[in-house]
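Quick notes on the structure that follows.
Order of listing sets the numbers, starting from 1, for every ligand and every atom in it. No experiment lies behind these values; they were computed from the predicted model shown.
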Amino acid sequence: MKKRLRIVAGNWKMNKTYEAGRDLVMAVRDSLGPSEVVVIMCPPYIHLKPASISLKDVLNVKLGAQNCHQNEGGAYTGEISASMLKSVGCEYVILGHSERREYFKESHQLLTEKVKAALENDLRPIFCFGEKLDSREAKKQNEVVKKQLKESIFDHFSKEEFANMVLAYEPVWAIGTGKTASPKQAQEMHKFIRSLVAKKYGAETADLTTILYGGSVKPANAKELFGQPDVDGGLIGGASLKAADFVAITKAYF
Ligand code: PEP
């Protein structure tokens with residue numbers, strides 16, 4: 001029987017020079033050991049090729065990028081395409097992160113185009129979404145999340161395409177703030193998200209969908225969050241920058 005993947009993904013954001021990144025990849029690799037969790041490292045672009053060489057024989061560690069352009073190539077100074085990412089060994093790409101939505105004004109429509117580009121190049125999108133604090137305080141979090149999923153994903157992709165995506169619920173008020181959603185809040189939202197997927201693509205697809213939680217996950221809170229039935233792992237920002245913390249989080253799973 002197929003079961004959904006459990007994933008712990010590290011989003012380094014814009015951190016680590018070449019040498020520091022190389023050291024972090026090797027430190028994680030050397031202390032990870034066998035794991036039932038798929039570990040994904042998402043460093044800045046400059047680290048992807050050297051990391052793919054360091055991780056060549058490490059089965060349960062995959063590489064992801066933090067963004068890609070929606071077009072295949074051309075005059076887009078400073079950008080990088082999904083096929084370029086694929087060519088350096090990426091298997092995943094984070095799309096829709098709240099920092100991209102906020103600072104780079106990425107719209108629902110643009111995100112659809114990026115997800116399409118990723119899928120066309122055999123990259124699995126880790127699609128991020130989540131409400132801001134004012135929406136949570138107004139108890140509108142379900143409405144916001146439903147709209148984000150509908151407008152970027154549900155209205156545009158078939159069940160077969162959706163099967164290659166990973167979802168990451170990241171309440172914006174919990175990202176980099178030290179404030180984590182409680183296990184109960186995370187479970188409630190993940191269950192709601194799975195019900196939306198079931199309504200759109202059917203119960204079997206919903207059951208197989210990996211839904212990550214992101215927002216101030218640390219070694220101290222990972223076990224309880226990952227213990228919730230609809231939380232299938234985490235997208236880790238700050239704590240992915242220290243090998244010991246990141247590895248401890250991957251071990252919090254089982
Ligand atoms: C993130 O950037 O996706 C994230 C969850 O960050 P942090 O773990 O630092 O809150």
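Put simply, CD1 on Ile7 and OG1 on Thr250 are 13.0 Å apart, with the number rounded to the nearest 0.5 Å.
When heavy-atom distances to ligand 1 are checked against 4.0 Å, the residues falling inside are Asn11, Lys13, His97, Glu170, Ala174, Ile175, Gly176, Gly214, Gly215, Ser216, Leu235, Ile236, Gly237, Gly238, ordered by chain and number.
When the options Lys191, Lys184, Arg194 are evaluated for a salt bridge (Lys or Arg N to Asp or Glu O under 4.0 Å) with Asp230, the one that passes is Arg194. When each of Glu143, Lys140, Met189 is paired with Glu131, the side chain to side chain contact (heavy atoms under 4.5 Å, CB included) condition holds for Met189 and for no other.
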Item to check | Derivation and outcome, salt bridge (Lys or Arg N to Asp or Glu O under 4.0 Å), residues Arg6 and Glu36 | outcome: CA-CA 8 Å; Arg6 266 51 178 184; Glu36 280 193 57; over 6 Å; no

Next on the checklist: Assess the residue pair Thr180 and Asn221 against the criterion (side chain to side chain donor-acceptor pair (under 3.5 Å)); give the C-alpha distance rounded to whole Å, side-chain angles, the decisive distance to 0.1 Å, and a yes or no.
Outcome noted: CA-CA 8 Å; Thr180 317; Asn221 59 23; 3.1 Å; yes

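For the pair Ser98 and Ile175, the tightest heavy-atom approach, listed with the atom from each and the gap, is OG-CD1, 3.3 Å.
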